[in-house]
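Sequence lines set the chain letters: A, B, ... in the order given, protein chains first and strands last, and positions in each chain run from 1. Values in this document were obtained by computation on a predicted structure and should not be read as measured data.
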Amino acid sequence: MSRYNPKEVEPKWQQRWNEARSFETGASKDRQKYYVLEMFPYPSGRIHIGHVRNYAMGDVIARYKKACGYNVLHPMGWDAFGMPAENAAMQTGSHPAKWTYGNIDIMRGQLKQMGLAIDWSREFATCDASYYVHQQRMFLEFWQAGLAYRKESQVNWDPVDQTVLANEQVIDGKGWRSGAPVERRKLSQWFFKITDYAEDLLAALDDGRLSGWPDNVKLMQKNWIGKSKGLQMRFPFAPDVKAPAGFGDGVEVFTTRPDTLYGASFVAISPDHPLAAELAKTDKDLGKFIAECASAGTSEEAIEKAEKRGYKTSLETSHPFDERKLPVYVANFVLMGYGTGAIFGCPAHDQRDYDFATKYGLAIPPVVLPDGADAATYKLDGEPYIGPGKIFNSDFLDGLSVSDAIAAAIKKIEEMGLGQGVTQYRLRDWGVSRQRYWGCPIPAIHCDKCGIVPVPEKDLPVVLPEEADFSVPGNPLDRHPTWKHVDCPQCGGKGRRETDTFDTFIDSSWYFARFASQPEDKPVDKDVADYWLPVDQYIGGIEHAILHLLYARFFTRAMKKVGHLSVDEPFANLFTQGMVVHATYMDGYGHWVLPEDIFTPTEDELKKIHATWLPRYELGHELEKKGPGFSHKFSETSQKHLERCGLADKFTDRHFIGTANFIYHTGPEDWLACKSHEGLLLPVASGAIEKMSKSKKNVVSPEGIAQTYGADAARWFMLSDSPPERDVEWTDSGVEGAWKLINRIWDAVSAAPGILKTVDLDKASDDKTELRQATHAAIAGVTDDIDHFRFNKAIARIYEFLNALKKAGDASDWAKAEALSALARLVAPFIPHLAEECWETLGGKDLICDAPWPKADPALLAKDEIVLGVQVNGKRRAEITVPAEADNKTVEEAALSDADVKRHIDGKTVRKVVVVPKRIVNIVAN
RNA sequence: GCGGACGUGGCGGAACCGGUAGACGCAACAGACUUAAAAUCUGUCGAGGGUAACCUCGUGGGGGUUCAAGUCCCCCCGUCCGCACCA
């Protein structure tokens, strides 16, 4: 019996699959299709273990569905545009294209080593002109169809890097790379009209079109779209007010609480509101106030702390229902981007309005009376009342419930012609312009005469210039000496290319459609795309729950509108897998340490470490307990050591001890060890188990694992321990366990070489031995578990099956052959290389990746006898064995005559016997 | 602040519609094989009590519904995630 050697076996089968083109998807449409897709990777350099988990899951599904007879599409490509390539160019001078394609070559090789059942013939990168040309084409179509437009908008501008930053790239009001305070600027940008689909994107979440999506993702999308119904209405200026030019009608506000209109005591507009800008022209102090608001931080913290501030303008509006006049403020807490950028303030029933009114001494009249309160004596108790109740102090609304009053107020305002009920969304149009080089060029030309003009179809693709200067910040396309200078396609005069490129989220918004069909002259061949779409199973990280998935859903609708697709929803079933996490390690100097550099010290080594490091440790503890500025008396040994090293006085230095911060929290007896560059022994403490990241060095390389244990072991372990949607901790003992399993399977198989040639499994057997029952239970269980994405349970069942197989030493050859044949096929989706090797050794026909999935025989799943638990007064007291088909009466008699049961009901009267068929018997006695 | 998910042995986790809590794996311990170690194999493995059969307790805490609760309901505690001045 030879030991299993993945280093030889894995490449051998990868080559066979390649030669047989096992995973290239045919064009035949006669079989039922199944499209399984994992979110494609960004080519950052090397694959990491998280990729392995992601692609292993998709691979299980792909291989399983293929075995079940589906026409499976399982492609791979590269999300290849993006900032890291440009950053690399700035740092190393390597061109983004060279960097990106180089990484792709490396990562493709690594993925192939994983033995994934991927149709590599469909591979592409989004930075291929042959891909993005269609993106440009579709942009022009969207533009024509009114789905793309240009407008001025506020952006986060990094004055050092000279680029627009996404909100996520602004940290505490500063640019994430430059650290410079971010400015808000108005820029003319391209937008996609995703708000056109707000209602449908929302509706599909609930109407069954996305029944295959996890609830949490649907909820996040729902919140993101943020639908709210309310009233948009106008507050006319008071008769004696001179309205500013262009604003004669008054102030347009949005509210979800028109029931509280009688509680209004002010009107507030956003500092970014056009009316504010107009007023600032003649009011310097207001201009100053607006500037202050603009420079305030946009971080969470800043918003949290930001005080409600307002500037009282000279304007006043009339209340629509009574004689009151309401002052108009410019207020920092009113957002221009939501609603109309203006509100009416009802301090009694809104926290923000309450804070504001308190600060500026405005009236706070209550208009909602909580149930059970007395209208005559009711007073607010230091805070606004947000809950339900009856409206009062409100004339025609008095006595109505909140919801009835909302309807009544809207009706009245509509009758008065001051506004109408509207639906608002939090979702805003998708700004897609980026001042970057490494992205898809936007095919538009600016002409002084003709305005903005589309690049004619025949001139597509607009490709990036190869030469570009990355040595200074800013957009290399904009400062390129020649690229942007072109003639206007309309008038032939001098024009300039659009130098912004597309947000890379666009690239990933339709790649799944391109995988299905790749004609040269259009984005997709509609017939072929209609066959493959939607993706039957999409798999990826929860971090894409909102943006990527929402954009892809929008893009699919937009592609449908311009005639490329027939579906609304791109992904029928979505699975969000957890991350791979790993313990972090830090040495005594406070440096992160790679797991592979750590070892368990011998006793001698530990003594040496203690001699040097215990004083620091002690000190650290004291510092933790007492805070800085304490005096500490060292133990005698520590003191001697310090003096000998000349460190005695240094230990009062906070910085010095700070370096050892991490190790204070671990007992010295638990210290691990590593060696410094100079070869010195250092203590190492293990810390939080976190997402693997380069900066914390808690990474393991998939290549290293594959070298030691093989790709199969890595795949098996990634799927075995935790449920797929949860995080899994990478541990050495875990992979070793997987490696053991591989050898156990190999041992079982190699004890019966050629058994599938000597035993004819087509000849039926009426054998009903335990092994056969175990075989069919395993088939049924594993099948069900894979169908429900429970890979960890499927794996547990395979272990159980393997244990049963080992115990069944005396089973017939026929039963053994059946068991081994099933075993190989059941493990094939998880550990495909070993499965092929087993299949060959057993004497199976052809490749196992083409073999059909085993079928469970229902006759063998049904057991003749079952074991039932018997409870007395709800506590389990005995077990009885009864025929599976025994009726309740027989079961009851068997239970009552059991010796243990008799003992427990001795001296009591049996009141009731509950028999739950095939589950349990409960005897109630007292 | 709003919304959501989760909490089970030393660890990762099973437990389907409320029906024998702890499947399977890891770690640990004992034994076999070995000059020895590794590997492998066999066994033990929630806590407490008992020679034993067995008994008591036990799914974050408290209460409730039920013949029966990890599972359902109410309250509390804790962890994680999303959104966040959204009118």
Side-chain angles (χ1 to χ4, degrees), chain A residues 3 214-224 226-228 230-231 253-258 260 268 270 300 302-308 331-335 337-346 349-353 355-356 386 424-428 542-543 545-546 689 716-717 720-723 725-729 731-741 743-744 747 781 784 788 790 792-803 806 867-880 900 903 911-925:
Chain A
R3 196 141 175 84
D215 288 339
N216 62 337
V217 174
K218 286 194 277 190
L219 189 69
M220 279 191 242
Q221 295 225 338
K222 188 178 175 178
N223 292 341
W224 187 264
K227 177 178 178 171
S228 58
L231 170 67
V253 306
F254 173 73
T255 178
T256 56
R257 294 294 302 273
T260 64
S270 165
E300 271 175 40
I303 287 167
E304 191 102 341
K305 285 184 193 156
E307 223 184 320
K308 305 276 176 293
N332 64 344
F333 68 95
V334 181
L335 306 174
Y338 185 79
T340 59
I343 61 157
F344 78 81
C346 174
H349 305 290
D350 182 281
Q351 184 69 50
R352 294 154 303 181
D353 298 347
D355 295 347
F356 190 81
I386 318 290
Q424 279 288 342
Y425 298 92
R426 208 189 75 105
L427 182 71
R428 302 184 210 160
I542 186 75
E543 66 272 21
I546 297 173
I689 296 163
W716 183 265
F717 172 52
S720 64
D721 253 11
S722 295
E725 67 276 14
R726 242 180 269 180
D727 290 352
V728 63
E729 187 191 351
T731 57
D732 287 345
S733 55
V735 218
E736 275 161 28
W739 171 239
K740 258 196 263 182
L741 175 277
N743 282 293
R744 280 176 65 189
D747 288 349
D784 189 49
H788 292 93
R790 297 185 293 235
N792 56 324
K793 286 182 67 186
I795 281 175
R797 284 185 206 276
I798 290 168
Y799 274 108
E800 270 177 302
F801 181 31
L802 206 55
N803 291 340
K806 192 188 225 164
V867 179
L868 288 183
V870 182
Q871 297 180 330
V872 177
N873 292 332
K875 286 188 178 160
R876 196 187 72 99
R877 296 301 182 184
E879 269 180 2
I880 53 171
D900 285 326
R903 199 160 46 79
R911 301 288 175 191
K912 191 175 174 186
V913 179
V914 182
V915 178
V916 184
K918 301 195 179 180
R919 290 219 189 254
I920 205 166
V921 181
N922 192 11
I923 297 163
V924 187

Euclidean distance, A:Asn803 CG relative to A:Glu800 CD, rounded to 0.5 Å
7.5 Å
Give a yes/no on whether any side-chain N or O of A:Arg877 is located under 4.0 angstrom from OP1 or OP2 of B:C55.
yes
Contact state string [nucleotides 3-12 of chain B, B base, S sugar-phosphate only, - no protein heavy atom under 4.0 Å]:
SS-------S
Given the 90°-from-0 boundary between syn and anti, B:C41 should be labelled anti
Treating primed atoms plus P, OP1 and OP2 as sugar-phosphate and everything else as base, which nucleotides of nucleotides 18-23 of chain B get B, S or - for protein heavy atoms under 4.0 Å?
-BB--B
Starting the side chain at C-beta, find the nucleotide from B:C83, B:A87, B:U42 nearest to A:Trp224.
B:C83
A:Arg744 has a side chain; which of B:C67, B:G25, B:C85 sits nearest to it?
B:G25
A:Tyr425 meets the ring pair (Phe, Tyr, Trp, His ring centres under 6.0 Å) criterion, sequence neighbours left out, with none
If you look only at distance, which donor and acceptor atoms sit under 3.5 Å apart when one is on a side chain in residues 731-739 of chain A and the other is two or more places apart or in another chain?
from	atom 1	to	atom 2	distance (Å)
A:Thr731	OG1	A:Gly734	N	3.1
A:Glu736	OE2	A:Tyr709	OH	3.3

Salt bridge (charged side-chain N to carboxylate O under 4.0 Å, His left out) contacts in which one or both residues fall within residues 911-920 of chain A, not counting sequence neighbours
A:Glu885-A:Lys918
Ignoring backbone atoms, establish whether A:Tyr338 has a side-chain N or O less than 4.0 Å from OP1 or OP2 of B:A87.
yes
For A:Lys227, report the nucleic acid contact type (base, sugar-phosphate, nothing); a contact means any heavy atom under 4.0 Å.
nothing
Going by side chain to side chain contact (heavy atoms under 4.5 Å, CB included), name the residues that satisfy it together with A:Gln424, two or more places apart in sequence or in a different chain.
A:Ser228, A:Gln232, A:Phe254, A:Tyr338
Sequence-distant partners of A:Asp721, salt bridge (charged side-chain N to carboxylate O under 4.0 Å, His left out), two or more places apart
none
Just the dot-bracket of RNA chain B, please: which string comes out with Watson-Crick or G-U pairs under 3.5 Å, [ ] for crossing, | for another strand?
(((((((..(((......[....))).(((((.......))))).((((....))))..(((((..]....))))))))))))....
Residues which pass side chain to side chain donor-acceptor pair (under 3.5 Å) with A:Arg790, listed by chain and number, not counting sequence neighbours
A:Asp784, A:Asp785
Under 4.0 Å between any heavy atoms, over every strand shown, what does A:Asn803 touch: base, sugar-phosphate, or nothing? Just pick one.
sugar-phosphate
Counting only side-chain nitrogens and oxygens, does A:Lys875 get under 4.0 Å of the OP1 or OP2 atom of B:C57?
yes
So how far is it from A:Asp350 CG to A:Ile386 CD1, rounded to the nearest 0.5 Å?
6.0 Å
Determine the contact category for A:Phe254: base if any of its heavy atoms lies under 4.0 Å from a base atom, sugar-phosphate if only primed atoms, P, OP1 or OP2 are that close, otherwise nothing.
base
Those residues that, when tested against A:Arg903, pass salt bridge (charged side-chain N to carboxylate O under 4.0 Å, His left out) (two or more places apart)
A:Asp900
Listed partners of A:Arg876 passing salt bridge (charged side-chain N to carboxylate O under 4.0 Å, His left out), at least two apart
A:Glu879
Could you pull out all residues at least two apart from A:Lys227 that satisfy side chain to side chain donor-acceptor pair (under 3.5 Å)?
A:Glu199
Give the nucleotide from the list B:A87, B:A27, B:G82 with an atom nearest to the side chain of A:Lys740.
B:A27
